[in-house]
Amino acid sequence: MEPLYKPHGVEERWQRTWEEEGLYAAGAGARHDKTFVICVPPPNVTGALHMGHALNGSIQDLLMRWHRMRGFDTLWQPGYDHAGIATQNVVEKQLALEGTSRKELGREAFVERVWEHLDATGKTIMGQFRRLGASMDYGRERFTMDDAYIEAVMRFFVHLWERGWLYRANRLVNWCPFHETAISDLEVQHVEVDDALTYARYPFADGPLADGRASLTIATVRPATILGDVAVAVNPDDERYRDAIGKEVVAPFVERPVPVIADARVEKEFGSGALKVTPGHDAVDFGIGADHGLPTLTVIGPDGRMNETAGELAGLTQEEADERVVAWLTEHDQLEKRESYRHSVGTCERCHTRIEPLISLQWWCAMEEPARPALDALRERRVRYHPESQHQFAIRSFEEIPDWNISRQLWWGHQQPLWYCPDGHVTCTWPPPEACAECGSAELERDPDVLDTWFSSALWPCATLGWPERTPELERYYPGNVNSTAREIIRLWENRMIWTGLEVMEEVPFTDVIIHSTILAADGRRMSKSLGTGLDPLDVIAKYGADATRYGLLKMSSTQDVRFAEGAIEEGRKLANKLWNVSRLLLSKRAEPVSRPQSLEERWILARIDAVRAEVEEAWAQFDFSPSVQVLYRLIFDDFCDWYAEAIKPRLGESEVRATALAALERLLLLLHPVMPHVTEEIWSQFHVDSPLGRLIVAEWPEAAGTHAADLHAFDRVQEAAAIFRRSGVVVELEDDELRIFAAVVRPERAKTNGNAEAELARLRVEVERGERMLANEKFVANAKPDVVEAEREKLARYRRELDALSG
RNA sequence: GGGCGCAUAGCUCAGCGGGAGAGCGCUCGCUUCACACGCGAGAGGUCCCUGGUUCAAUCCCAGGUGCGCCCACCA
């Protein structure tokens, strides 16, 4: 047989088998009544697997398999998010390529078109999760646009209405001119851009000031918005402009006189220290305008172009309008200067169009009251974020929570259950009303807006289990246990699930939230398709196998941000190959029966595996994965293969030796299975061939083998002796059993015997000296932990023994 | 501007009060019959800087410096 483990074919075969045998299904192999539920972050319905999904899938699958093997009734339910703006964006781009647009199609045809698109190309990511080996219950797939799910969204909206938390208000919102919708602050992406900062002179309306100054200079990056100016503001403490406050200046181009006002929000140091106030198109200015009772002029329309208020500039793009205004300034000698200026501007995270702050009528959900029970839950740690720093962040996010703009002027999504009668009364009921709740008018028109995508996502843990119906699934699997996700959606999703869960179920949806690391590209930049820094996990799986990919990703899961290291994946591939090869060794020999008690190396490896199992399970219980996979690597490579397997190799023909070796291997496979399910199952199946119950995925973890710590110490001594021998050619005193292992592994006939005994002597002398110095230190003996002191004594004694043996 | 985090071997990262570690890369020696995608031996580190706490600091504290990410209304 080829001495190289090839994951391809093997992995796909097991993935099919597990699923066909029903082993991914909820409750498969459950041996007791406790449940373990992971609430999956539903990927976008149009999405493809990226590195974050692969890492998160590896983490969740490790937890699922671990609990399933421990007899829990597990549920890991997959599904998709309709991803309102993202999906609409994809389809609109496609329409643009075809030379048409959603407006030409009309709403109904457009939504139909979205469904067609999803039927053709959507919902592909679950196939990719399968390839990773993720043991989700694929038969229970849910979608936020399923009829039952829509029902849940509508009922929840009405619930919020009845609670009195929903209201409509005209506010400045982030407007995406491409999608022509409001988006939330959280959907705005700030990017650095190079712009020009234009310094324009605004002449005083009543002639020069007493000191002779005829104008006041402002700085702006958007000259076109001068058309919407209603004032010029200066800082009240700014000496330069004290005399100007209360006077009027004339806004250029429109030649409109506007007052000079004082406001502390103006930065003295920026630009000229004077700010043109344009409440219709800037959030700061909106605040200033409101506080000073100024009017609001809107000169830019929902499409991002200048509107009719802009007079002769109406219909122009902002860039064109900027040019016209700058030309006017030049012509009238009111352009002081233009300088290059780098700053950050908001863009739509989906289409990267520059965000336009616009006044707009939107629906909002008041957040202070709904957030309160969730805040308590976090403070009382009924939900815990891991790591702790993210828990603190989640708490702060609830403490200062702005109201939530829930309406979107999109077509793809959940249309709000709001109806207006001709008299302007609002009716909010579900199922849809027959007549206006206030005046009884039957002439009702439904609000055209849809809900923010995250509105439906917030209901994911209970809606996927059937809420608002009290289904058996909801009774059994709510509340769940774990949710795992990326840092950036703590506010968008995690926190919202917590308050909605408390609101409709009166219980938190899960107890632990894992915030996993962000995997950066190898050069430290963010992984992103548009930057060309993305790396497709499916390519990695194709090259190294799913097991190796999972291993590598788990190894990279420790810090907040980690650069992708192919070496970690390679390490996983090596581990799979090593395990596969050592199993070939153990399974290849024919055994003759020889009855005898367990030898030292046998007791040692069983004790080692038990010790590592305790360590690894402890780490997993705390959602700490990276160190555990390295511990497993060391156990398999160093302990099992390099020491144990080498030590027993000469006696593998004895059936007792082989039986113990297979028992030890079996324990290794169990322990490694949650990390590398395929290769472990492949090996396992070679000696558990029968029923589905023989499958490792649902196998039972055995009790500890019950060997002693003394065996660990005895073996340590063999390893140290071997190290000394390899350096110096000298064997220090060993018992019979120990000497046999030493001979089997080190094979003196082949080892170098011209080593450097002098160097070894020198090293030991330094160690002995150090130990003597520490133990002579009274403060150390008095203050250090007793076991630390004891360990020092033991080390000193051992070094003295070795020194004697070598020099004697 | 605010928050979080990082700085340890050439690279990617563990360790986090008492002897500096792993993988990859590098050097040397090994066809040893599970694995040469292997085995063994080795080279390579003021554990970012400066102070402080301590009998003892890579580890704890303070302040620098340099990075990364998230959040935020300097036009």
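Letters A, B, ... mirror the listed sequences (proteins, then strands); counts begin at 1. Just the heavy atoms: all of them, side chains too, but no hydrogens, waters or symmetry mates, feed the values below.
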Would you say [N] has OP1 or OP2 under 4.0 Å from some side-chain N or O of [X]?
X: A:S558; N: B:rA14; result: yes
X: A:R634; N: B:rG23; result: yes
X: A:R487; N: B:rC70; result: no
X: A:K649; N: B:rA34; result: yes

Suppose we define a pair by two distances each less than 3.5 Å, Watson-Crick or G-U wobble; what does B:rU32 pair with here?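 Paired with no nucleotide.
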Nucleotide paired to B:rA9 in any strand shown, Watson-Crick or G-U, under 3.5 Å: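 By the stated definition (distances under 3.5 Å), nothing pairs with B:rA9.
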Select base, sugar-phosphate, or nothing to describe what [X] touches, counting heavy atoms under 4.0 Å on all strands.
X: A:V562; value: sugar-phosphate
X: A:F393; value: nothing
X: A:Y551; value: nothing
X: A:E646; value: base
X: A:S389; value: sugar-phosphate
X: A:R396; value: sugar-phosphate
X: A:E571; value: sugar-phosphate
X: A:K276; value: nothing

Applying salt bridge (charged side-chain N to carboxylate O under 4.0 Å, His left out), run through A:D282 and A:K276 and close with a yes or a no. CA-CA 10 Å; A:D282 184 275; A:K276 64 192 250 341; over 6 Å; no
Can a donor-acceptor pair under 3.5 Å be found between the side-chain atoms of [X] and the base atoms of [N]?
X: A:R573; N: B:rC37; result: yes
X: A:K578; N: B:rC35; result: yes
X: A:N777; N: B:rC55; result: yes

Closer to the 5' end of RNA chain B via nearest nucleotide, is it A:V221 or A:S588?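 Per heavy-atom nearest nucleotide, the more 5' residue is A:S588.
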Reading RNA chain B from 5' onward, which residue's closest nucleotide shows up sooner: A:D282 or A:A645?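 Between the two, 5'-proximity favours A:A645.
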Whole-Å P distance, B:rC28 and B:rG44: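 The answer is 16 Å between these two P atoms.
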Say you pick atom C1' in B:rA57 and the same atom in B:rC16; how far apart are they, in whole Å?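 Result for the C1' pair: 10 Å, nearest Å.
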Could you tell me how far apart [X] ([atom1]) and [N] ([atom2]) are, to the nearest whole angstrom?
X: A:Q630; N: B:rA14; atom1: CD; atom2: C1'; answer: 5 Å
X: A:I489; N: B:rC71; atom1: CD1; atom2: C1'; answer: 16 Å
X: A:D561; N: B:rG66; atom1: CG; atom2: C1'; answer: 16 Å
X: A:E339; N: B:rC74; atom1: CD; atom2: C1'; answer: 14 Å
X: A:D642; N: B:rG38; atom1: CG; atom2: C1'; answer: 10 Å
X: A:I569; N: B:rC11; atom1: CD1; atom2: P; answer: 21 Å
X: A:E682; N: B:rA34; atom1: CD; atom2: C1'; answer: 16 Å
X: A:R265; N: B:rA72; atom1: CZ; atom2: P; answer: 19 Å

Among A:R765, A:R793, A:R800, whose salt bridge (charged side-chain N to carboxylate O under 4.0 Å, His left out) with A:E772 holds?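 Result for salt bridge (charged side-chain N to carboxylate O under 4.0 Å, His left out) with A:E772: A:R800.
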List the steps, then state whether side chain to side chain contact (heavy atoms under 4.5 Å, CB included) holds for A:D229 with A:Y202. CA-CA 11 Å; A:D229 282 0; A:Y202 286 38; 2.6 Å; yes
Would a 4.5 Å heavy-atom cut-off, applied to side chains only, mark A:R491 and A:F393 as touching?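 Contact flag for A:R491/A:F393 side chains = yes.
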Looking only at heavy atoms, what is the nearest atom pair of A:T217 and A:Y241, with distance?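 Closest heavy-atom pair between A:T217 and A:Y241: O-OH, 4.3 Å.
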Can you check side chain to side chain contact (heavy atoms under 4.5 Å, CB included) on A:K795 and A:R770, steps first, answer last? CA-CA 11 Å; A:K795 274 194 286 186; A:R770 193 190 65 86; 4.0 Å; yes
Can you tell which of A:N581, A:D547, A:L575, A:I683 makes a side chain to side chain contact (heavy atoms under 4.5 Å, CB included) with A:Y5?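 Per the side chain to side chain contact (heavy atoms under 4.5 Å, CB included) rule, the option paired with A:Y5 is A:D547, out of A:N581, A:D547, A:L575, A:I683.
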